[in-house]
Amino acid sequence: MEYLPASIETKWQEYWKTHKKYLASESSDKPKYYVLDMFPYPSGAGLHVGHPLGYIASDIVARYKKHLGYNVLHPMGFDAFGLPAEQYAIDTGQHPAITTAQNIKTYKDQLSKIGFSYDWDREVITSEPDYYHWTQWIFMQLFNAWYNQATDRAEPIKILLEVFEKEGNKHVKAAQSDSTPVFSAQEWHTYDEEQRALILLNYRLTYLADVVVNWCPALGSVLANDEVKDGFSERGGHPVERKKMKQWMMRLTAYAERLLQGLDVIDWSDALKDIQRNWIGKSIGAELKFKVKDSDLELTVFTTRIDTIFGVTFVSIAPESDLLTKLTTPEQANQVADYVQKAKNRSERERMADVKTVSGAFLGSYAINPFSGESIPIWVADYVLAGYGTGVVMGVPSSDDRDYRFAKHFQLPIRCVIEGTEELENPTEKKQGKMINSGFLDGLNYQDAILKAIEHAQAQGFGLKKINYKLRDAVFGRQRYWGEPIPVYYKNGVPFLISEEQLPLILPQISHFKPTESGEPPLARAQNWLHEGKYPYEQTTMPGWAGSSWYFLRYTDAKNPQAFASKDATTYWGQVDLYMGGAEHATGHLLYSRFWNLALYDLGYVAHAEPFKKLINQGMIQGRSSLIYKQKNAEVFLSHKLSKGQDCQELHVDVSLVTNDVLDVEAFKKWRPEYANAEFVLDNGKFECAYQVEKMSKRWYNVVNPDEVVARYGADTLRMYEMFLGPLEYSKPWDTSGIDGVSRFLRKLWRTCIGREGESLLSKNQPISDKENKILHNLIKRVREDLDRFSFNTVVSSYMIALNELNSLESKQQEVFEKFLILLSPFAPHIAEELWHLLGNSSSVIDQPFPMYDDKYLKESGFDYPVSVNGKLRASLWLANGTDAETALSQALALDKVQTWVEGKTIKKCVFVPNKILNLVV
RNA sequence: GCCCAGGUGGUGGAACUGGUAGACACGCAGGACUUAAAAUCCUGUGGCUGAAUAAGCCGUACGGGUUCGAUUCCCGUCCUAGGCACCA
């Protein structure tokens, strides 16, 4: 009987489905294990061979854990709101829901062919009202919460209201907007509903504010910081500009410190943690007040290097600062106005592209260094960012590169305050050392100087220790149609929540998906879309990351109509034990999810603070493009080697026309009829292509579709080959020609077990030989150990080695091969199940307990020692266990090969490490 | 510029705490079976010297160091990929 993957794979997929093999349940005595894949966005292009890499790995883990006796939750669903479907809707008029449904179907078809063990009963789709009902609900919880810095957690807003009633906001320590007014209890009582609502917006975890946002005119929407790369939109690559707009925001910054601390207790790669740490960007420093000379004004600067305070020779402020006019003297007014005008006109991208250009203007007034009493000039400069720190910088040209460039350019004095920097042409090259020219700080190293300076500033009352974060609050609105409606309506321009009973707020039907002619979001087109018939609803929708920020919680209780998930369910399943996905979500999804989960934790809805216990970033599978060479100005193609040194044009050819770098010329001519009559110069009868590793993309004709691979080799081969390619975390090119190795292995396994008529070729009921046991138990040990450390590629080679070894033996016991099939089933479940049944079993292989190994079969009676002389390998020597160093030495010296190297020399030392090595030093 | 990860045969990679570098595959070469092809099986395959499956030398990006012994640890340089980037 032949191994025909196509028929057995569909058969078993059907069987597992109808026998509900993958359903997870909350009522189980077994320990739980939650394996999750990152939420896919179902794009129209479907899956290529790189996408399932992580899914296969997580599926192997899910199946392995099931064999080990865990109650496994392994769900899948779709992040279905998003730009591509909407862009398509704008172009064609087709409703994005239709496109999305089609794409989801394509994805599910493709996924189902690979044999994943997903519990499809828990599928979630973010664009369905049953789901976004709860996305909206979570938004409302965040709206009704504030961050109490005194208790260091989010609390219901009504606690804050009670405080306001009693004592106003004077003593409230909260994460709040900068512009929050200070008021007393009496004042609070005089405010009307709308005034109170506006004040509360300064505290809510989701709030409406005027902010400078990333506006992408081509997409007609604002974008989050992580959706902008180098001044262009991540999706589509359109230019992005800075614009001030009224926007819904998430008070992410309230959680900066806890998001940072939380990284210490989760098992993620250091690389990923570092990305998040950098993004949060904590810096510890000091805030200092500089009095302005001959004025009541004060400037507050933020610095991380207060130790260099005696090196300050100027102060610079951001062009956006409100203080600018007050600090500018009449003589300087024109010059400053000119400069500010120029600076504002410089776009964000220009400023980024051209970091080296120094510009600024003197304001005419002076500040007083609080430490030295010295007067120093105040400048305006566009290298100072209004949004970071206080928007005012103390210029220390001897220790800071930008200050140095600025001082050089405007010929401001440079004073060295670190020992050894005076001799340097550029003193900023040395940033640490003993302090000099620094009054009472002289002689201290920089850390001690920082502590002493802060102490001094605090004692004198002009400064205090201060922590700053680069992290910004996240913009939470999009001027788009295809997203969750924000459950808010407006009364006189003041936002109010709808009530929970009114959820879900359904996305209304509209006729066109473009923004209106007057530039309003598409939802402005909705007819009679009013709250209680009179109040307009919010017209922006939630961003793509809303639905994906909590989907892992929904899976625990996916069908619950009463809650986003019951506390019992989220508590039972707890953290995601293994989260598999790409590192590209480091500053987006992975940060936002942690934030939402923390907020829900503070408010008592989930029992754990961190959602993802362990996270593995699978690498990317790159394309391996095939290239051919055509002579310029001639219809002549040259085989790769012949093209060297020739003046040739390089063309990408479709990788499906190429086998082992040899081009099927006839197929190529069919594909590219314009070259049907071209001449092909062969090399040794073959037309060879060059190759290049690059991103898998249609434009390079290097996309390989998993469906095609499954059709040709079977899902088991695809699964094993993706794992065999190399360590999961690495990026590596896909080369279809390598797949034969895995395919041969599975066919060999089949032929070893099953004869022509489907009969077992294995012997039964005979004692298992020591050799067989040794091979089997070695394999069990390796598979378990390697799977426990997620080393999937080495497991595949272990199977191959074991099969080769078993095949070299005379007797083949069915019992041994049955164990082998269980070991194999996480990787290749279909063939394992088929052979399991053909060998006479009626149960399912995927339910079998994972084999255990017994050390007694692995023990060796001795070891074949490498014998080296002066570290160079010269011979090998078999010694029984327990041989002592002396005997080992004398036996080694008896070897001819050793004699040649030690003859006439004295043996200085003999290194004997049992079961490792014998090394003679002469 | 800063932060992080990584450089091993023609290719993907293995070597788990410093102990026989190149497992397992692909590819290639040769052979067997076959009318032929596919499939399958066998042999060889890091480089150099050599008739050699005798022996030796070199070899894990490069240059040093520690060690009896380094792909593995340390220092420096180069390269590649990722992240951040006037963040005070």
Side-chain angles (χ1 to χ4, degrees), chain A residues 2 229-230 269-279 281-283 285 301-306 308 316 351-352 354-358 381-385 387-396 399-403 405-406 468-471 583-584 586-587 617 619-620 622 624 660-661 691 693 721 724-727 729-742 744-745 747-748 751 782 785-786 789 791 793-801 804 864-876 897 900 908-913 915-922:
Chain A
E2 229 186 311
K229 289 267 177 299
D230 300 324
S269 71
D270 288 334
L272 193 62
K273 288 184 184 181
D274 278 341
I275 294 174
Q276 288 209 347
R277 284 196 189 104
N278 289 338
W279 188 261
K282 180 180 186 176
S283 54
V301 307
F302 174 72
T303 175
T304 54
R305 290 299 303 272
I306 192 175
T308 63
S316 38
R351 274 170 76 163
M352 282 202 304
D354 159 41
V355 163
K356 288 276 144 69
T357 306
V358 176
D382 72 354
Y383 79 84
V384 182
L385 303 177
Y388 184 79
T390 58
V392 186
V393 171
M394 62 180 219
V396 186
S399 292
D400 182 279
D401 303 296
R402 290 149 311 174
D403 296 344
R405 279 201 301 271
F406 193 82
N468 250 307
Y469 300 92
K470 279 198 279 183
L471 188 72
E584 68 272 21
T587 54
N617 290 126
M620 266 214 319
Q622 297 146 314
R624 188 181 186 279
N660 291 330
D661 290 334
Y691 74 88
V693 174
Y721 184 55
F724 188 56
L725 232 36
E729 297 90 336
Y730 288 20
S731 285
K732 57 245 160 185
W734 176 269
D735 183 2
T736 305
S737 57
I739 204 170
D740 284 328
V742 186
R744 276 177 203 147
F745 160 75
R747 290 195 306 243
K748 200 191 286 181
R751 285 197 317 272
R782 288 218 51 179
E785 286 178 356
D786 287 0
R789 62 188 175 101
S791 172
N793 54 326
T794 51
V795 179
V796 180
S797 12
S798 301
Y799 295 136
M800 292 173 170
I801 293 167
N804 288 342
D864 198 16
Y865 284 86
V867 181
S868 42
V869 179
N870 285 347
K872 277 195 190 287
L873 179 73
R874 296 301 177 188
S876 68
K897 284 182 180 175
T900 349
K908 281 194 221 152
K909 193 173 175 185
C910 171
V911 181
F912 178 71
V913 185
N915 291 325
K916 292 276 187 203
I917 202 168
L918 178 61
N919 187 20
L920 309 177
V921 187
V922 298

Report which part of the nucleic acid A:D401 touches: base, sugar-phosphate, or nothing (heavy-atom distance under 4.0 Å, all strands).
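Result for A:D401 = nothing.
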
Classify the nucleic acid contact of A:V921 as base, sugar-phosphate or nothing, counting any heavy atom under 4.0 Å across all strands shown.
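Touches sugar-phosphate only.
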
Between side-chain atoms of residues 733-741 of chain A and protein atoms elsewhere (two or more places apart, or another chain), which donor-acceptor pairs fall under 3.5 Å?
| residue | atom | partner | partner atom | Å |
| --- | --- | --- | --- | --- |
| A:W734 | NE1 | A:T736 | OG1 | 2.8 |
| A:D735 | OD1 | A:S737 | N | 3.3 |
| A:D735 | OD1 | A:S737 | OG | 2.9 |
| A:D735 | OD2 | A:S737 | OG | 3.2 |
| A:S737 | OG | A:N660 | OD1 | 3.4 |

Report the C-alpha separation of A:N919 and A:S868 in whole Å, then their side-chain angles, then the decisive distance to 0.1 Å, and conclude whether the side-chain hydrogen bond (donor to acceptor under 3.5 Å, both in side chains) test is met.
CA-CA 5 Å; A:N919 187 20; A:S868 42; 3.3 Å; yes

Can you tell me, in whole Å, how much space there is between the [atom1] of [N] and that of [M]?
N      : M      : atom1 : answer
B:rA21 : B:rG59 : P     : 13 Å
B:rG65 : B:rU72 : P     : 14 Å
B:rG83 : B:rG10 : C1'   : 33 Å
B:rG19 : B:rC73 : P     : 11 Å
B:rG9  : B:rC3  : P     : 29 Å
B:rA15 : B:rU71 : C1'   : 9 Å
B:rA55 : B:rU11 : C1'   : 31 Å
B:rA88 : B:rC2  : P     : 15 Å

If I take atom [atom1] in residue [X] and atom [atom2] in nucleotide [N], what distance separates them, rounded to the nearest angstrom?
X      : N      : atom1 : atom2 : value
A:F912 : B:rG19 : CZ    : P     : 17 Å
A:D270 : B:rC84 : CG    : P     : 18 Å
A:E584 : B:rA81 : CD    : P     : 18 Å
A:M394 : B:rC86 : CE    : C1'   : 17 Å
A:K273 : B:rG83 : NZ    : C1'   : 17 Å
A:D735 : B:rG27 : CG    : P     : 9 Å
A:D400 : B:rG1  : CG    : P     : 17 Å
A:F302 : B:rA88 : CZ    : P     : 7 Å

Go through the N and O atoms of the side chain of A:N919 and the base of B:rC68, and report whether any donor-acceptor pair is under 3.5 Å.
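By the distance-only test, yes, there is a pair.
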
Using side chain to side chain contact (heavy atoms under 4.5 Å, CB included), reason through A:V742 and A:M800 one step at a time and then give a plain yes or no.
CA-CA 9 Å; A:V742 186; A:M800 292 173 170; 4.2 Å; yes

Answer yes or no: are there more than 12 heavy-atom neighbours, outside A:K897 itself, under 6.0 Å from its atom NZ?
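It does not: A:K897 NZ has 12 such atoms or fewer within range.
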
At less than 4.0 Å, is any side-chain N or O atom of A:S283 found next to OP1 or OP2 of B:rA88? Yes or no.
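True: A:S283 side-chain N/O within range (under 4.0 Å) of B:rA88 OP1/OP2.
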
With sequence neighbours excluded, what pairs up with A:Y691 under the ring-ring contact (aromatic ring centres under 6.0 Å, His included) test?
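For A:Y691, no residue satisfies ring-ring contact (aromatic ring centres under 6.0 Å, His included) once neighbours in sequence are set aside.
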
Name all residues meeting the ring-ring contact (aromatic ring centres under 6.0 Å, His included) criterion together with A:F724; count only those two or more places apart in sequence or in a different chain, and write none if there are none.
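A:F724 satisfies ring-ring contact (aromatic ring centres under 6.0 Å, His included) with no residue once adjacent residues are dropped.
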
N/O donor-acceptor pair under 3.5 Å between [X] side chain and [Y] backbone:
X      : Y      : value
A:S731 : A:M620 : yes
A:T794 : A:S791 : yes
A:Y865 : A:N915 : yes
A:D400 : A:G395 : no
A:K732 : A:P727 : yes

If you restrict it to nitrogen or oxygen atoms, what contacts under 3.5 Å exist between nucleotides 36-40 of chain B and the protein, and what is each distance?
| residue | atom | partner | partner atom | Å |
| --- | --- | --- | --- | --- |
| B:rU40 | OP1 | A:R747 | NH2 | 2.7 |
| B:rU40 | O3' | A:R751 | NH2 | 3.2 |

Parallel, tilted or perpendicular, judged at 30° and 60°: which one describes the rings of A:Y388 and A:F302?
perpendicular

Would you write out the dot-bracket form of RNA chain B, 5' to 3', with Watson-Crick and G-U pairs under 3.5 Å, [ ] for crossing pairs, | for pairs to other strands and . for unpaired bases?
(((.(((..(((......[....)))((((((.......))))))((((.....))))..(((((..]....)))))))).)))....

With sequence neighbours left out, what residues match A:R747 under salt bridge (Lys or Arg N to Asp or Glu O under 4.0 Å)?
none

Suppose we screen for salt bridge (Lys or Arg N to Asp or Glu O under 4.0 Å). Which residues come up paired with A:D401, at least two apart in sequence or across chains?
A:K431

Residue pair A:D403 / A:M394: nearest heavy atoms and the distance that separates them:
OD2-O, 3.5 Å

N/O contacts under 3.5 Å, protein versus nucleotides 12-15 of chain B?
| residue | atom | partner | partner atom | Å |
| --- | --- | --- | --- | --- |
| B:rG12 | O2' | A:L725 | O | 2.3 |
| B:rG13 | O3' | A:N793 | ND2 | 3.4 |
| B:rA14 | OP1 | A:N793 | ND2 | 2.9 |

Starting from the 5' end of RNA chain B, give me the residue, A:S868 or A:Y388, whose nearest nucleotide shows up first.
A:S868

Could you say whether A:D740 or A:S797 is positioned toward the 5' end of RNA chain B, judged by the nucleotide with the nearest heavy atom to each?
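On the 5' side of the pair lies A:S797.
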
From the list [options], which nucleotide is the closest neighbour of the side chain of [X]?
X      : options                : result
A:P866 : B:rC68, B:rU20, B:rC24 : B:rU20
A:V911 : B:rC28, B:rA88, B:rG19 : B:rG19
A:K909 : B:rG19, B:rG27, B:rC68 : B:rC68

Taking syn as any angle within 90 degrees of 0 and anti as the rest, which one fits B:rG44?
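The base of B:rG44 is oriented anti (glycosidic angle more than 90° from 0).
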
Once each nucleotide of nucleotides 44-49 of chain B is scored for protein heavy atoms under 4.0 Å, what B/S/- sequence comes out, 5' to 3'?
------

Under a 4.0 Å heavy-atom criterion, the protein footprint on nucleotides 55-60 of chain B, written with B, S and -, is SSSS--

Using the side chain to side chain contact (heavy atoms under 4.5 Å, CB included) rule, pick out the option among A:T304, A:T308, A:T303 that qualifies with A:I306.
A:T303

Partner residues of A:D274 under the side-chain hydrogen bond (donor to acceptor under 3.5 Å, both in side chains) criterion, sequence neighbours left out:
A:R277

When rounded to the nearest 0.5 angstrom, what distance separates CG in A:L918 from CG in A:L873?
11.0 Å

Using the side-chain contact (heavy atoms from CB on, under 4.5 Å) criterion, which residues pair with A:I275? Sequence neighbours excluded.
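So A:I275 forms a side-chain contact (heavy atoms from CB on, under 4.5 Å) with A:A586, A:T587.
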
